[in-house]
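Everything below concerns the one structure shown next.
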Amino acid sequence: MKILCVVRNYAPHAGEMKAEVPSEPTFFLKPDSALNPKQMPLFYPDFTQDLQHEVEIVVRIDRLGKCIEPRFAHKYYDAVALGIDFTARDLQRKAKAAGLPWLLSKGFDGSAVVGPFVTLEALRQATGKETLTINNMGFDLSRNGKMVQQGNTEDMIFSVDRLIAHVSQFMTLRTGDMIFTGTPAGVGPVEIGDVLEGRIEGQPMFRLEIK
Ligand code: MG
């Protein structure tokens, strides 16, 4: 199983990172050992002084596919989750400045928080929003009860279907693979004692403590 993550998929986040908006999707990988699917508390790692949250919609692939056409991409997923792409920002900055891969700053144990997956249909029912799709889904993250990030998939630079079509030209997608689809603006630091809570369309999706 692989965890694909998209870089800069919301223009305001690219702006806050002082990075250019990409002309085609850019991906990196997290190892499966990064996963924290049960929302166990995350122990603040010793190797960073700047641990930051990036809340993201996560899509789970449920069919084997390669070279998937954009118009068929929707057949390759059915469920979404809300997750956090935790980033050791100081390590990432150092790697970027040296032109080196940033794997360790984003691939450490516990860096991939993923709440439970729910089908789009279940979300429509839970929210009463019949028009809800992967392309108009609101989500947010609060830190100690205060909202710190808020986004909507309609603001993605590259839609989920476009991401799947693009990456599957290079890599076979397998059942169970996950795609972190990018973070909106508002990324920021966490501290020991913080409680992070994520919602999709107001529905609680995860609660995580930093210890
Ligand atoms: Mg991210």
Side-chain angles (χ1 to χ4, degrees), residues 1-37 39 42 45 48 50-61 77 80-96 100-115 117 134 137-143 147-160 162-164 166-167 171 177-190 194 196-200 205-206 208 210:
M1 189 270 282
K2 55 185 168 298
I3 305 167
L4 286 154
C5 306
V6 183
V7 178
R8 294 175 215 150
N9 203 17
Y10 291 83
H13 170 62
E16 74 182 350
M17 300 306 288
K18 298 185 172 54
E20 279 178 34
V21 173
S23 58
E24 57 181 30
T26 306
F27 292 86
F28 64 93
L29 283 167
K30 286 182 192 263
D32 58 6
S33 49
L35 262 189
N36 179 2
Q39 303 148 52
L42 177 66
T48 180
D50 193 10
L51 181 64
Q52 295 201 358
H53 56 77
E54 297 188 359
V55 72
E56 311 196 6
I57 294 284
V58 184
V59 174
R60 186 176 61 193
I61 299 298
Y77 60 88
V80 297
L82 197 65
I84 299 181
D85 164 18
F86 271 113
T87 305
R89 194 70 73 196
D90 44 356
L91 300 192
Q92 187 197 27
R93 261 190 222 112
K94 228 163 102 184
K96 270 187 183 172
L100 294 170
W102 62 34
L103 173 65
L104 296 182
S105 71
K106 288 206 173 248
F108 55 89
D109 288 358
S111 62
V113 174
V114 182
F117 281 92
I134 194 80
M137 190 172 280
F139 59 100
D140 63 76
L141 180 76
S142 65
R143 178 184 173 209
M147 197 180 290
V148 286
Q149 285 194 271
Q150 194 173 16
N152 192 301
T153 55
E154 69 190 359
D155 298 320
M156 283 184 176
I157 298 168
F158 305 106
S159 69
V160 168
R162 182 124 183 249
L163 295 173
I164 288 173
H166 187 81
V167 77
M171 286 183 194
D177 287 351
M178 296 178 195
I179 304 177
F180 277 68
T181 58
T183 195
V187 303
V190 298
D194 279 359
L196 301 172
E197 291 169 291
R199 284 167 294 270
I200 295 179
M205 300 301 282
F206 65 72
L208 182 92
I210 309 292

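Quantities reported herein were computed from a predicted structural model and do not represent experimental measurements. Indexing begins at 1, ligand by ligand and atom by atom, following the structure's order. Only heavy atoms go into these numbers, but all of them, side chains included; no hydrogens, no water, no symmetry mates.
Distance check, rounded to the nearest 0.5 Å: CG of N36 to CG of L208 gives 6.0 Å. The OG1 atom of T183 sits 13.5 Å away from the CZ atom of R8 when rounded to the nearest 0.5 Å.
With respect to the Mg ion (ligand 1), D85 has OD2 as its nearest N, O or S atom. Summary: OE1 is the N/O/S atom of E54 found nearest to the Mg ion (ligand 1). Residue E56 approaches the Mg ion (ligand 1) most closely through its N/O/S atom OE2.
Under 4.0 Å is where a charged nitrogen must lie from a carboxylate oxygen, and between E54 and K106 at least one such pair does.
Between the side chains of Q52 and D50, a donor-acceptor pair is found at a separation under 3.5 Å.
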